Each structure stands twice: as C-alpha cells, then as structure tokens.
Colleague: 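Here's a structure for you.
Just so we're clear, the structure is a prediction, and the values are computed from it rather than from any experiment.
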Amino acid sequence: MDTISIRAPSMPSGGTKAQRRVKTRLPAAIALLPTALIVLIVYIGCMLWTVRLSFTSSTLLPKLDWVGFAQYSRLFANDRFLTSASNIVIFGALFISGCLIIGFLLAVFIDQNIRGEGLFRTIFLYPYSMSFVVTGVAWQWFLNPGLGLQKLVRDMGFESFTFDWLVNQRMAIYTIVIAGLWHGAGLTMAILLAGLRGVDKDLWKAAKVDGIPTWRVYTSVVLPLLRPMVVTAVVLLTTGVVKLYDLVVAMTLGGPGIATEVPAKFVMDHLFERNNIALGTAAATIMLITVISILAPWVYVRYVRPQGRHA
Amino acid sequence: MSTVSVRDVTVAFEAVQVFDGLSLDIQEGEFIVLLGPSGCGKSTLLNAIAGLLDVAEGQIWINGKNVTWEEPKDRGIAMVFQSYALYPRMNVRENMSFGLKMAKTPRPEIEKRVAKAAELLQITPLLDRRPDQLSGGQRQRVAIGRALVRDAAVFLFDEPLSNLDAKLRNELRVEIKRLHARLGKTTMVYVTHDQIEAMTLADRIVVMKEQKIQQIGTPDEIYHRPANLFVAGFVGSPQMNFVKGRIENTGEGLSFLSGNRRLSLSGYPFVTAPSSGQDVVLGVRPEHLEISSTGIWPGFTVDIVEPMGADTVIWCSDALGSAQVRTSGSRRPTPGESLTLHVDPSQVSLFAADSGERL
Amino acid sequence: MSTVSVRDVTVAFEAVQVFDGLSLDIQEGEFIVLLGPSGCGKSTLLNAIAGLLDVAEGQIWINGKNVTWEEPKDRGIAMVFQSYALYPRMNVRENMSFGLKMAKTPRPEIEKRVAKAAELLQITPLLDRRPDQLSGGQRQRVAIGRALVRDAAVFLFDEPLSNLDAKLRNELRVEIKRLHARLGKTTMVYVTHDQIEAMTLADRIVVMKEQKIQQIGTPDEIYHRPANLFVAGFVGSPQMNFVKGRIENTGEGLSFLSGNRRLSLSGYPFVTAPSSGQDVVLGVRPEHLEISSTGIWPGFTVDIVEPMGADTVIWCSDALGSAQVRTSGSRRPTPGESLTLHVDPSQVSLFAADSGERL
Amino acid sequence: QKAEVLHWWTSAGESASVKVFADQFTKAGGTWVDNAIAGGANARTAGINRMVGGNPPTMMQFNTGKQFDELVSNDLVRDVEAQAKAGKWRDIMPKPIVDATVRDGKFFAVPVNIHGQNWMFYNTKVFADAGLEAPKTFPELIESGEKLKAKGIIPIALGGQPNWEHNLFRAVVVGHGGADMFRQLYGTRKPDVVKSPKFKETVELFGKMRGLVDPGSPGRNWNDATALVITNKAAMHFNGDWAKGEFIAAGQTAGKEYGCTVVGQEPKLVIGGDVFVLPATKDKTALATQDKLVEVLLDPTSQLEFNKKKGSIPVRMDVDVSSMDVCAQKSHAILKDPANQVESMEILSPPNFSGAMQDAVTQYWNNPNMPADAFIEKITSAMRDAG
Amino acid sequence: MSAAVMPQGRRPRHLTIGRIGVYAFLATAALFFLLPLWIMVVTSLKPMEEIRLGNILALPAAMTFEAWTKAWSSACTGLECNGISVGFWNSVRILIPSVILSIIAGAINGYALSFWRVKGANVMFGVLLLGAFIPYQVFLYPLVRIFSLTGIYNSLTCIVLVHVIFGLPTMTLLFRNYYAGLPIELFKAARIDGGGFWSIFFRVILPMSTPILVVATILQVTGIWNDFIFGLTFAGRENLPMTVQLNNIVNSTQGERAYNVDMAATMLAALVPLVVYFVSGRWFVRGIAAGAVKG
Ligand SMILES: Nc1ncnc2c1ncn2[C@@H]1O[C@H](COP(=O)(O)OP(=O)(O)OP(=O)(O)O)[C@@H](O)[C@H]1O
Ligand SMILES: Nc1ncnc2c1ncn2[C@@H]1O[C@H](COP(=O)(O)OP(=O)(O)OP(=O)(O)O)[C@@H](O)[C@H]1O
Ligand SMILES: [Mg+2]
Ligand SMILES: [Mg+2]
C-alpha cells in the first residue's frame with residue numbers, strides 16, 4: 001500500500017470548499033430567487049401590511065394612523081364575526097370529513113371493477129369545474145321549500161314532508177355544507193382512487209385467504225395505507241374552507257339573517273362594500289393567526305425541517 | 001391420497017389463455033416447489049389453487065373435496081406472499097389474529113394459536129410491534145406466522161424470500177425447511193425462480209416454462225437427469241456446458257462426436273434409443289468436468305478464474321467453444337494456461353438436437 | 001502510485017456523523033470491492049469519492065490531484081447505480097452521449113465513443129430503444145455503457161447487479177470482470193453486499209461494518225484469514241461454524257478445548273500469541289469439516305440435508321451446538337444418522353472471544 | 001374623443017339604457033368605450049383600484065355617500081362646478097340629489113336619474129279577486145295581508161337577502177315613522193330617535209310583516225320574488241322602481257296587470273340616484289372628453305330616453321314626462337313637492353353604518369322570537385360603532 | 001375419489017346482491033351529483049315564462065335553445081351584446097401563459113427544493129405553503145399598489161403574473177412531492193455526467209414529469225379559467241376574462257334576470273375545464289398515484 005503518496009499541492013485543485021458551494025448551489029439559489037422575492041414581497045409583505053392596517057382606522061383608503069386594538073375589540077363584539085367564526089368551524093369539520101367519507105366511498109365503489117368507470121368518475125368530478133355563481137342558484141332553488149325538494153315530495157302526496165333547511169336559521173349552514181360536498185367530493189374521490197390503485201395486490205389476496213370481508217379490508221387495511229393521499233386531500237380542502245366565499249354568496253348571501261356568514265365574506269364585505277378596511281383586515285389577521293397556529297407545526301415538521309436530499 | 005389435485009385446469013385472462021389443461025397431483029405432506037423463469041405461470045397456478053382467480057375449465061381438489069368454486073378462506077389453505085402483504089397499522093399479534101377474528105374463533109383459542117405460532121417462529125418478543133418496526137426477515141416470519149395460525153392443510157408460498165438479501169435468504173430457507181419437518185403432514189407448495197431454493201427445499205420440483213410443465217421430479221432427478229434442454233440449462237449454476245455433436249456407432253458401441261472430441265457412451269443410460277448419425281447436444285455440469293492431464297479433451301485455454309471461496313469456477317475455451325469448470329477452492333490455474341479436461345460418461349446428459357428431449 | 005486516495009475523511013449528515021477519519025488507498029488498475037451489511041457506509045464512501053456529497057473533514061485525491069472540492073464531472077470518474085438510473089425519456093444512444101454533450105465533446109468524437117462502447121457491450125442493436133423497452137440485463141449494460149464512454153480513470157459501481165435475478169447476475173458479473181481485464185489500467189471500486197460477487201470480482205476486498213473498515217485484503221486473505229469474527233461470519237455461505245472454547249497449553253504445545261472436543265493447534269499460524277486459558281472462538285468453514293470415521297469429533301447427529309446440486313450441505317448438531325458441513329454433491333447422509341467430523345488445524349481460524357480479533 | 005365608461009349596468013334593461021347615452025355620445029362625435037362590471041362593489045373596487053393605480057377610466061358610475069367623500073378628499077375626482085353653474089343644476093334637480101353630490105360648494109359628480117326606493121308593486125288581479133283595495137298605510141297593509149294569506153296568496157313577495165330585507169325596513173320607517181325619523185335614523189344617527197315610542201311601534205309593525213312572507217323567502221333573489229307577483233302567486237312586492245324591468249320583460253304594463261304605489265300616511269319617496277364621477281386627470285383631451293360626456297348625460301332627450309329604459313325618472317325636474325309610464329308619472333308628481341323628497345340611505349349613511357344596520361335588520365327579520373327592544377339595542381350599538 | 005360430482009366448467013356469472021348494491025350506490029350518488037346539472041339544463045332550455053312558474057325539475061314544455069345561443073353570442077353585458085364569447089379569447093390568452101408559467105415556476109421550485117440544498121429554501125417553502133391558506137382578498141389592495149408602482153398594472157402581464165404568484169404554493173407542493181418520489185440516482189448520474197442545474201432540469205427531470213404536469217395542468221386550468229376576482233382587478237379592460245362576462249350576465253343586482261341564459265352561460269363557461277377533464281381523466285388519477293400525493 002502506498003503510504004508515501006505525494007501531498008505536495010496541498011491546495012485543492014478544484015478550488016476551495018466555499019467556491020464549490022457557490023458554484024454548485026448558485027444556480028439553484030438564483031432559480032429560487034424569484035419565488036423568494038414573491039414570498040418576501042407578496043406573501044410576507046401583504047401579511048405584514050394586513051396586520052398593520054388592522055391597527056388603524058382606515059376606511060375606504062388605507063391610512064397609517066394607530067388606534068391600538070380598537071378594531072379587535074369591535075371585532076369580538078361583533079355578532080356577525082362571531083357567527084362567522086363558529087360557522088367556519090362547523091362547515092370546515094363537516095365539509096372536510098364529509099368530502100373524505102363520500103370521496104372514499106365513491107372511490108371504493110368505483111374501484112369495484114365496474115362498468116362505465118370513466119363516466120362515473122367524470123360525473124363525480126364535473127362539479128369541480130363549474131363556477132359557483134350559478135350552480136348556487138340551482139342549489140338554492142332545489143333546496144327552497146316552495147320550489148324544490150319539499151314541494152316535489154309534497155306534490156307526490158306526502159303533505160307533511162318538510163325540508164326547509166335553507167330558510168331555517170339553525171340549519172342553513174348545513175345546506176352550504178351539502179353544496180360544498182357536491183363541489184368538492186369528486187376531487188377527493190379522484191385523489192383517493194389514485195391511492196387505492198396503488199395498494200399492493202398481494203394485500204388483497206392475503207385478506208381473501210384470511211377470509212376477511214371486503215369492507216373490513218377497506219376500513220382496517222386499506223384506509224391506513226391511504227394516509228398520504230388523505231393528507232393531500234385535506235390540505236387542498238382546507239385551503240378551500242378558509243377561502244369559502246363564492247358558495248355562500250351564491251346560495252344565501254349569508255342569510256337567513258346572519259346564519260351563514262363566514263370569515264372570508266366578512267373580510268370581503270368590510271374591505272370592499274362597507275369601506276371598513278381596518279375592521280376587515282383585523283378579521284383577516286385573526287384568520288391568519290388561526291391558520292398559522294394550526295398549520296405551522298405541521299408545515300415545519302413535514303416540510304421545513306427535513307433538508308433537501310443532498311448536494 | 002393426494003392433498004392437492006389440479007385437473008385439466010385452464011385459466012383465462014380476458015383474451016389471453018394461460019395453461020391449456022394443466023394437471024398436477026401433490027401428495028400429503030409433500031414439499032413441492034414450482035420453479036421456472038418469470039412469466040411461466042407459477043403465480044397463476046398458485047392463485048388458482050388458492051382460489052384467488054377463477055379457473056375457466058377443469059377442477060381443483062383439496063383434501064378429497066372439489067373446491068373449484070369454494071371461497072379461498074374455505075379451502076383449508078394458507079398463503080405467504082413475496083411482499084409479505086402484512087396489514088400495515090396492525091401490530092404483529094393483530095396481523096396474525098385478524099383472520100381468526102373474522103372467522104369468529106373464540107378468543108382463548110386465538111390466543112393459544114398465536115402464541116404457539118409465535119413460539120415456533122421465535123417472534124414472541126415482537127408481538128406488539130408494527131410491521132414497519134420489523135426487519136425484512138422478521139416480517140417474513142410474521143407472514144409465515146399469519147399463515148400458520150390458520151391451521152391449514154396446504155401452505156402456499158409465492159416467492160417468499162426473493163425480497164431478502166442473500167444471507168437472510170439462506171437462513172430463512174432453512175427455517176422453512178425445519179418448519180415443514182416439524183409440522184409433519186402439512187403440504188407445501190412453494191414458488192420460486194431461485195434454483196438453490198428449489199434444490200434444497202423440495203421433495204419434488206415442478207419445472208415450468210411458458211405455462212407448461214417441463215418436468216416433475218426430485219431435486220436429484222431434475223439436477224442429474226433433466227428431461228430436456230430447458231431444464232438442463234435452467235437448473236444449476238454455473239450453467240451446464242452444452243456441446244453440439246453427433247451420435248456415431250463405432251465398433252465398440254455408441255459414442256458422441258464433436259469436432260475432434262469423442263466420448264464413448266457405453267455407460268450412458270439411454271431413455272430413448274438414438275439412431276446413429278443423429279444430431280445431439282451433450283450436457284456436462286461444470287463440476288463433472290475434471291482438470292486432469294490424462295483427460296480426454298485437451299487444448300483448452302483458461303480465460304477467467306473465479307474463486308468463490310469454497311470452490312473456483314474456471315472459464316476456459318478452445319476453438320470450438322467455451323466451457324466452465326468447477327473445482328475445489330484451492331485449485332487456481334492462471335488465465336492463459338492450457339488445460340486438459342476429463343469427462344465421465346456416466347455423469348453427462350444427452351439431448352436430441354431437434355426436440356431438445358433427453359435421450 | 002494510487003489512483004484513489006481517501007484521507008481521513010469524515011462525512012456529516014446534519015447531526016449524524018458518518019466515518020470518523022476514514023482512509024483508503026487504491027492502486028491504479030485495481031478492482032476494489034466494498035463489502036458490508038446494509039447501512040455500513042458503502043454508498044456514502046462511494047458518493048464521497050464521486051463528489052456527490054460534501055466531506056466535512058479530510059481530502060480525496062484522484063490521480064494525484066486533490067479533488068476534494070471538484071465537481072463530480074471533473075474528477076475523471078464514472079459511476080453505475082443499482083437502479084441503473086437511466087434517463088427514462090432518452091434512448092440508449094442519448095443516454096450514453098448525454099455526458100459527452102454536456103462536456104461539449106465534438107459530435108464525431110461522441111459517435112465514435114458510443115459506437116465503441118456499444119460494440120464492447122453488445123448493445124449496438126439497442127441504441128435506438130428507450131430504457132423501458134429493455135430487459136433488466138440490457139439496462140444494466142447500458143448503464144455500464146454510459147460510464148464507459150466517459151473514458152474515466154476510475155469506475156464506481158454501487159451494487160450494480162442487486163436488482164437482477166440470480167442467473168443474470170452470474171452472467172453480468174463475468175462480463176464486468178472481462179471488462180475490467182479488457183480496459184487494462186482502469187480502476188474499479190465496486191459496492192456490494194453479495195459475497196459471491198465480492199469474492200469473484202475483487203483484487204482486494206474492503207470489508208466494512210458500522211462505518212469502519214474491518215479488513216482490507218485479497219479475497220483469499222478475507223476468506224481464509226479473516227481479521228475478526230465479523231469478517232469471518234459475514235463472508236462465506238453457508239456461514240463459518242463457530243465454536244467457543246479455551247486455549248490450553250498441554251505438554252505438546254497449544255491446543256483448543258471446548259467441552260470434550262480438543263484440537264491441537266501446533267500447525268496454526270498465530271498472529272498474536274495467545275495466553276494459556278484465554279477464551280477464544282474457533283472458526284471452521286463448512287467445507288473444511290470432513291465426514292470421516294477417523295475424525296476427531298464424534299457424536300454429531302444429522303438434522304437437515306440440503307442438496308445444492310453440485311454439493312450438499314449437512315446441518316448437524318451435538319449437545320454443544322450445531323455445525324454445517326459441506327460435502328460433494330453425491331454424499332447424502334439421512335437425517336438422524338450419526339456422524340464423526342474431522343478438522344484440519346491448518347484450515348481453522350482462531351479469534352479472541354473478547355475483542356473478536358484474529359489470534 | 002374616446003371615453004371609457006365604467007359602470008355596473010349589465011342586465012338587459014340596464015344595457016339598453018346605457019346604450020342611450022352611448023348613442024348620444026357617438027352622435028356628438030365621441031367614441032364610447034363601455035366597461036360594464038356586474039355588482040356595484042366589484043365595479044367600484046375595480047374603479048378605485050384603477051384610480052389608485054393611476055390608470056382610471058374616463059368616467060365611472062359611483063355611489064354618493066361616505067365613499068364618495070373619500071374620493072373627493074383624496075382628490076381622485078374632478079369637480080364639475082362650471083358645468084353645473086352653466087346648467088343651473090341646483091335649480092332643476094331635487095335638493096337631496098344636489099346635496100349628495102356637492103362637496104365644499106362644488107359638484108363632484110353628475111347625477112343622471114332618480115330612483116324611488118320604497119315603491120310597492122301589487123298584483124291588480126289578486127286584489128280584485130279578493131275584493132280588496134291596495135293598502136294606503138302599513139296598518140292597513142297588515143290587515144289586508146292577513147286576509148290574503150287566508151286565501152292562500154302570499155301577501156308579500158320578498159327577496160330574502162339582507163339588502164332587500166333592509167330595503168323593506170326602510171320603506172316601513174319612512175312610510176310609518178315619517179321622513180324625519182328616517183333622516184334621524186340614517187342621517188344624524190342620534191340614539192334618541194330609536195328610543196322614541198313611535199320608532200318602537202314602527203319596528204313592531206315591521207316585525208308583524210314577518211308573518212306575511214312565505215317560508216321560501218330567505219335567500220331568494222329579488223327577481224324570483226317579483227316573479228311571484230307576476231304569476232299571481234303573491235300580492236305585493238316592495239322594491240325600487242327598477243323592478244318594473246321584470247314586469248316589462250314578462251309583458252306586463254303598469255296600471256294594468258300591476259300597480260305601483262307608495263305606502264304611508266303621506267307618500268314620501270326615498271330617492272337616490274345614479275351618479276357618475278370623473279376621475280381627476282391632467283390630460284387636456286381627457287378633460288374635454290369628460291366635459292362632453294357631462295353634456296350628453298344631462299341632455300333632455302338623453303335624460304328622457306335613458307330613464308324610460310332604466311325605470312327611473314329624469315334627474316332634471318324640468319323634463320316633460322308625459323310620455324313615460326304611469327309609475328314614472330306618479331313619481332314625478334310626488335317629487336314635485338320638495339317636502340316629499342327623502343334622501344336615500346346611501347346618501348345619508350356611511351356604508352359602515354348601513355352595513356351594520358343591514359346586519360341588525362336581517363337578524364331581527366329572520367328571528368321571529370327576537371323582541372323589538374333587542375333590535376333597537378343592536379341599532380344603538382351600530383350607531384355607536386359607526387361614530 | 002371423484003365421488004361427489006361437483007360443478008365443472010365456468011362458474012355461473014350471477015349478479016350478486018353485492019354487485020347490485022354497488023351499482024345502486026353509484027347510481028344514487030350520480031343522481032345527487034347530476035341533480036343541479038339537471039336543473040340547470042332543463043332551465044336553460046325553457047323560456048322565461050315557464051321558469052317563473054317554478055317547476056324547476058320539470059322538463060321544458062316548449063324546448064328552446066335560444067338561451068344557449070343568446071348566452072354565447074348575444075346576451076348583453078353592458079353596452080355590448082355579444083354574450084360570453086367576447087371574453088373567451090381573453091380567457092384563453094390569460095389561461096395559456098398563466099398555466100404554462102405557473103407550472104414551470106412550480107416545477108423549478110419543486111426541483112430546486114427536492115434536489116438541491118439551498119439555505120433557507122425550506123423556510124421559504126413553509127411560508128409559501130402557509131400563504132396558500134390566506135384568503136386572496138387580503139392581497140388585492142397591496143398588490144394593486146405594487147403593480148402600479150412597477151407600471152404593469154392592468155395588463156396581460158399583470159394578470160398572468162398574479163396567477164403565477166397565487167399558483168406558486170400548490171404547484172410547488174405538488175412538484176416537490178412528486179420529485180421527492182423520483183430516484184435520487186438519476187440526479188446523481190446526471191451530476192456525474194456534468195449536468196448543471198438547468199441542463200439537468202430541462203433534459204432529465206422535466207421529461208420525466210408528464211404525469212404530474214397533467215395533474216398540475218388540470219388544477220391550474222380549472223382554477224385560472226374560473227377565476228373572476230383577479231381577472232377583474234388586474235387584467236385591465238382589454239383583457240377581461242370570460243368569467244367577467246358570465247358574472248355580468250348572472251350577477252346584476254338591480255336588473256331583471258334571464259335564468260335560462262344564466263344557466264346556459266355557466267355551462268358554456270365550464271366547457272374548457274370539462275374538456276380538459278375528459279381528455280386527461282385517466283392521467284389525472286395516474287398522475288396523483290405517481291407521487292403527487294406522497295404527502
Ligand atoms: N391479469 C393478467 N392479465 C393478462 N395476463 C396475465 C395476467 N396475469 C398474468 N398474466 C400472464 O400470465 C402468465 C403467467 O404469469 P404469472 O404471474 O403466473 O408468472 P410467474 O411465473 O409468477 O412469473 P414471476 O416469476 O414473474 O412472478 C404471464 O405470461 C403473464 O403475462
Ligand atoms: N441523507 C442521510 N441523512 C442521514 N443519515 C444518512 C443519510 N444517508 C445515509 N445515512 C446514514 O449513513 C449510514 C451509511 O449509509 P449508506 O447508504 O452509505 O449505507 P450502505 O452501506 O450503502 O447500505 P446499503 O447496502 O443499504 O445501500 C447509514 O447508517 C445511514 O443511516
Ligand atoms: Mg409470480
Ligand atoms: Mg448503498
């Protein structure tokens with residue numbers, strides 16, 4: 001073995017460590033630069049700006065005075081905001097779980113090697129492509145006691161049938177959930193179906209030999225395997241929940257009363273219709289803080305902490 | 001009486017027809033290995049026995065009962081898969097007891113069986129772990145355990161070791177063999193494309209190719225008396241050496257002739273009598289070629305020497321072709337050296353050049 | 001002069017530190033195999049040589065140049081991966097010429113080199129196919145071809161054969177060996193955890209465990225004179241038999257004692273002189289255990305017999321433990337039979353029981 | 001001379017009316033570049049964003065009120081005082097409209113029409129069949145409403161969205177409580193007004209009307225409510241005069257199939273109107289174009305034709321309206337007396353307050369168990385918050 | 001041994017209860033999903049008189065396609081009476097560069113994040129991901145200010161840029177997760193072959209991204225095509241997308257309403273995304289399976 005190798009040129013010929021770092025990572029850094037700028041200017045900038053405005057008394061146009069927490073105390077005394085907050089919780093919980101359940105069921109049933117799979121899949125997916133502005137009207141009609149389902153059933157002779165959720169203060173938020181499910185369940189179905197297709201075929205065989213009923217296989221064996229898909233679906237659905245606006249505007253305009261108000265609509269109305277930028281941004285800030293405090297730990301653990309794979 | 005009997009079975013995947021009336025009888029307590037290259041239909045046959053796919057024609061009998069249309073769980077079988085197919089998110093105990101629970105087996109009985117299987121497989125300390133907390137070999141054992149608790153008469157293994165590394169494969173192979181011995185009357189059908197596994201495990205090997213059975217026989221029969229060229233070439237590593245030539249009837253009986261090489265076949269146990277002048281292929285296993293200065297085939301040059309620890313494989317060639325010779329670990333010719341080889345006629349195989357069948 | 005020289009290298013993955021000042025010198029034209037269990041750092045070492053990860057401390061020299069901070073492409077290396085890592089959307093020709101194109105090699109030169117490599121690897125007819133239209137073996141060859149055209153001084157292989165089935169693995173192994181011979185002065189560093197590959201390919205084997213080098217030596221040295229218990233157990237299949245015991249100094253010299261078994265060590269080439277009474281482990285390879293009625297260790301019972309075609313492995317045991325014996329293919333004791341074993345003292349290895357080091 | 005005009009008149013009837021202006025402008029030698037964006041908030045947001053962004057349209061529709069104040073105080077719009085002086089706007093336009101558009105003694109917007117917001121449209125056939133007269137006052141209305149309800153007719157067809165509920169409330173306030181109460185509530189916003197017994201009575205009256213709408217009302221579009229009257233399912237419908245468009249589209253004529261009236265002891269008409277503002281600019285040609293636009297908007301012919309299509313009445317009280325429909329003529333007649341002119345909420349209140357009021361009204365309206373006092377309490381806090 | 005003569009040959013293919021249940025469930029679900037569509041279709045085929053009668057589920061008595069032609073080419077949206085077709089090409093002009101650029105941006109980010117280690121990149125990505133949960137409305141005003149400062153406010157560039165900005169979080173997430181599933185050896189091989197950041201991306205990584213590109217395309221096409229608020233705020237008068245016309249037809253507060261035209265217009269407007277679904281439905285499912293959702 002050669003132990004007296006020549007150590008003469010002790011300077012590495014390919015440059016120093018620092019040079020190499022720069023050489024290899026500079027292009028990547030440059031490529032990420034636009035995004036970094038956007039994140040800095042648009043995302044972080046707008047967030048800070050929003051937070052700042054919520055401490056002012058801005059109305060139509062922003063002004064940079066300082067009123068402390070006045071807007072926040074107003075906000076938390078505001079019925080509509082409080083209703084909005086509890087509505088979004090109800091809606092979010094029901095919508096996300098509903099989408100997952102319906103999406104999962106649809107995916108499972110479509111996965112039964114059925115005829116016309118493509119047709120069914122498209123039927124379940126198509127609502128996703130439609131703007132809510134008008135589909136909301138269709139739902140509104142269908143759920144209207146005088147026009148839609150209730151009338152239909154009563155006309156068939158069931159005079160006492162009542163389905164008036166849309167016009168019932170306590171139930172109206174659930175009609176929003178129904179329409180939301182109609183819109184979003186298909187996408188969830190597609191994502192989960194993709195997951196189902198990826199499940200190891202041997203697992204099915206093993207379960208069959210073990211004599212496990214199909215539904216048990218789905219619930220006990222397959223579902224746990226779909227976790228990544230479920231996570232993706234939940235992320236997509238959650239962004240939808242936070243931004244929920246169109247659907248409410250199209251179906252109930254927040255009514256009856258303020259029964260179906262939601263935070264995004266609160267923000268929107270105050271920013272653009274009521275010219276109360278300060279209150280609107282205060283509401284937005286609260287949303288922001290809520291979202292961040294719920295999601296930041298997950299984002300951190302899942303995406304920030306793990307380093308890139310090398311080089 | 002045979003435990004498993006496959007009778008004239010045909011399987012059809014939509015348009016593609018696999019097996020054209022395939023039959024196979026397996027005796028009680030036998031260890032049968034299905035061996036063959038990828039795509040030859042090993043898994044398909046196993047799945048047909050297990051009832052995991054519908055046969056188009058023919059019947060399948062298990063333990064004297066026609067189970068052609070039975071559900072898999074009612075066939076008295078247990079199965080182990082290449083990918084283990086353990087239920088994720090359930091711990092080992094749950095994995096093993098899930099099937100029994102579904103069959104409404106009483107709790108104490110379940111516990112007894114799981115404990116016994118775990119004992120046997122030495123996975124008792126692992127019972128509360130999840131599959132993802134186990135090593136490959138441990139997972140494999142759990143998969144076997146799950147099959148064991150079913151108390152089945154027939155065990156089906158679909159390439160259960162091929163996901164493991166060489167060392168572990170060796171260890172588990174022996175364990176499976178031990179298990180079979182310990183379980184006594186249990187029939188095992190084992191799919192593999194690894195011939196070492198086939199040779200060491202099987203009571204009988206079924207060699208398949210292109211969805212047809214090529215030969216059924218004990219490992220010795222398969223190794224030493226391959227039924228055709230395919231079996232001869234597929235089984236054994238390094239591969240059997242093949243030499244094309246002709247049968248000649250000289251004065252003192254039949255002999256094989258290839259170029260200037262000649263081999264008297266007086267000691268060869270013919271299955272079919274060859275005709276003189278027939279084109280044949282002579283097969284000699286590398287370990288049956290001896291390096292000997294008194295050999296009958298001189299003039300080989302050493303190309304490569306592969307020391308494999310216990311033995312050494314020597315690749316050598318002459319003008320007519322190349323040959324591999326296997327010698328003990330200590331014999332080390334250097335590349336370029338000249339060799340003379342000796343062949344024992346009682347150890348060779350002869351095949352018809354046209355049909356490939358053994359003569 | 002050494003082509004590759006790894007000097008005191010430390011690699012750090014965030015908090016985890018792999019290698020603590022590891023050094024290795026590789027001579028020009030050598031075929032070095034890195035052998036070791038999963039996670040021992042083989043790939044990490046290879047990647048450090050290739051420049052695919054940054055070393056925290058130490059230097060890497062290739063061809064007398066300190067390349068510690070060079071780009072991978074400028075190190076004069078070529079690399080072949082376990083998963084082939086062929087560019088899926090390029091055909092074979094494009095796969096092979098990509099690197100040259102990146103280096104702005106003139107077109108005719110690229111074509112010449114690709115044609116030459118394709119010729120060498122017999123993949124000329126495949127040049128216009130996409131990777132997904134190739135079989136596993138063909139893909140592997142393309143991957144090697146891609147490395148070949150780089151005209152590199154050092155070839156790095158990271159488990160290039162482990163995705164292939166046994167038969168193909170054997171064939172390609174030989175091809176790589178041939179290639180090395182044909183390329184002359186090319187240095188090859190080859191990672192594997194398959195010892196057959198290691199034994200047959202290597203000029204020198206580097207056995208690693210837990211990110212430390214255990215032994216560097218020729219295959220013979222590694223196989224016959226393992227430096228410690230780990231190497232002894234890791235290399236060789238079936239595994240070396242280990243017997244715990246003690247050194248005794250009887251009148252006629254040192255001998256090994258385990259229960260009622262005794263072995264005179266007069267012929268044993270000690271590395272370190274043992275002290276009398278020292279606890280040791282005796283290692284005997286299965287092929288060095290002979291079945292002989294005149295053997296020195298009687299009283300073994302046959303457990304399992306594994307015929308492997310060319311040879312047979314016999315698992316037997318006595319009250320003190322079990323042993324594996326490897327005999328020729330024709331020897332077939334039946335389970336339950338009684339055996340007497342003979343050991344040749346010049347073929348055994350002795351290890352200190354505490355440190356595991358060879359004595 | 002190219003003029004880009006931003007507005008939110010997008011329905012068929014509205015489009016036809018804009019076309020009058022556009023045609024007139026074209027006749028006058030200009031080029032009208034139309035930029036219609038549905039929804040006042042959308043359009044205003046787009047317009048403000050463009051002003052802020054330095055790329056404003058030549059002229060844009062706007063609302064008067066607080067929002068308008070900010071435009072003026074930020075110098076985003078130019079004044080048209082010169083044209084107003086020349087055209088004697090102060091003389092020919094109703095005072096509420098003038099007040100709404102004048103800041104610091106200068107006109108900063110061009111009013112183009114007058115909308116009455118508290119009209120009650122009713123189905124003549126339904127009333128005739130029931131042997132009833134159209135009610136004159138709100139107590140009367142509730143009485144006949146009950147009768148109609150007993151006959152299976154929907155007494156009041158209401159678009160059950162917060163803004164229409166609020167509109168109904170305002171009709172009740174001005175009709176029952178009177179013009180001063182309306183002005184104090186929406187204009188000066190002194191809590192005293194809501195403490196008065198008269199206000200409570202008004203609120204309770206409004207509360208009683210909850211029983212006169214059908215259960216399907218919540219969420220309904222106003223058009224669907226109008227359709228109920230058109231198809232003889234409902235008797236009455238409160239709305240601005242723009243609702244005439246739906247009747248016309250269904251082929252019905254004012255005074256025949258349907259009638260229009262203002263309910264209340266004295267018929268006070270809440271008026272607002274559409275105005276255009278001219279974003280400030282230094283560009284000479286743009287200024288000239290803006291001048292010409294103003295001229296065209298207030299030209300008597302354009303005024304008449306525009307308002308016929310729009311359903312409103314000309315902002316110039318000096319235009320002859322005899323060629324217009326009976327509702328418009330009635331409107332004109334009422335407004336002849338300045339005492340009958342009541343400024344609309346949009347003129348009186350900042351959007352912040354009207355929004356809060358709307359929230360309060362919709363909660364009261366949709367919760368039959370909510371007592372009048374709770375509602376009044378909400379109004380009080382809305383007043384406090386709006387400052 | 002063959003004592004009991006048992007069934008032989010093909011298993012009778014009877015329709016089991018389970019099978020019927022499967023189809024029953026799917027049919028019911030399909031009904032639920034189709035209901036609003038049914039209402040929209042029949043409404044769009046009715047004249048307004050019939051719609052006012054309120055039989056929303058009934059088939060039209062006098063079927064007419066007038067609403068469809070009107071919605072497409074002659075409905076008034078302000079002064080212009082050219083239906084929603086006016087904005088069609090604007091939408092296309094916005095859609096194509098926005099989809100392409102946002103996908104490229106997402107792909108580059110995903111690539112840089114999962115193959116190259118850049119300091120702070122993960123933190124940046126984390127913030128970006130959180131940004132996906134903020135209501136867009138909050139961004140409108142400051143963005144207007146920023147864009148007018150840079151002088152591109154109200155132009156095609158502006159609207160495209162906005163779509164790219166707001167597509168970044170999802171696109172980056174999608175590609176990052178997909179690339180995390182690709183074998184790292186490919187990247188290493190390319191590094192040894194001397195590929196730099198860009199050449200590896202364009203020549204090696206991008207050609208392997210088809211499935212995820214399809215998924216990204218579907219998500220972006222749907223999102224951008226249906227966008228209204230950004231188009232309105234940032235596109236400028238010349239470039240208003242189709243949804244603005246749709247909204248003009250559908251959403252006027254005080255004008256009368258032609259529901260049949262509204263419905264027809266909505267369905268017409270949804271055609272482009274629908275076509276994209278039909279064409280790439282198979283890829284959609286496959287693409288997600290290929291790692292888009294590794295989590
Ligand atoms: N679902 C299927 N549809 C069509 N052909 C199939 C199907 N499954 C298997 N085949 C075909 O049947 C033949 C046998 O396949 P099988 O899986 O039994 O092979 P195998 O011997 O198990 O191979 P391997 O060693 O690769 O597992 C193959 O030619 C295969 O192409
Ligand atoms: N990116 C990483 N981050 C942290 N630790 C790592 C990383 N890559 C490798 N390691 C650790 O470094 C050690 C060596 O890994 P390496 O991949 O070199 O093993 P190997 O010998 O190639 O194993 P195998 O045979 O499984 O390929 C392992 O313990 C592993 O856990
Ligand atoms: Mg198989
Ligand atoms: Mg490795």
Colleague: Main chain of B:Phe300, side chain of B:Asp318: is a donor-acceptor contact present, judged purely on distance under 3.5 Å?
Modeller: no

Colleague: To the closest 0.5 Å, what do you measure between CH2 (C:Trp315) and CG (C:Asn241)?
Modeller: 9.0 Å

Colleague: Just so I understand: if I count every heavy-atom pair under 4.5 Å between each of B:Ile222, B:Ile196, B:Val174, B:Leu201 and chain C, which residue has the most?
Modeller: B:Val174

Colleague: Looking at every non-hydrogen atom in both residues, tell me the closest pair between B:Arg225 and B:Gln215 and how far apart they are.
Modeller: O-NE2, 3.2 Å

Colleague: Heavy-atom pairs under 4.5 Å with chain B are the metric here; pick the option from C:Arg178, C:Glu306, C:Lys177, C:Glu197 that has the most.
Modeller: C:Glu306

Colleague: Side chain from CB out, backbone as N, CA, C, O: work out which of these in C:Val235 comes under 4.5 Å of a heavy atom of chain B, or both, or neither.
Modeller: neither

Colleague: Please enumerate all residues that pass salt bridge (Lys or Arg N to Asp or Glu O under 4.0 Å) together with B:Glu175, with sequence neighbours excluded.
Modeller: B:Arg141

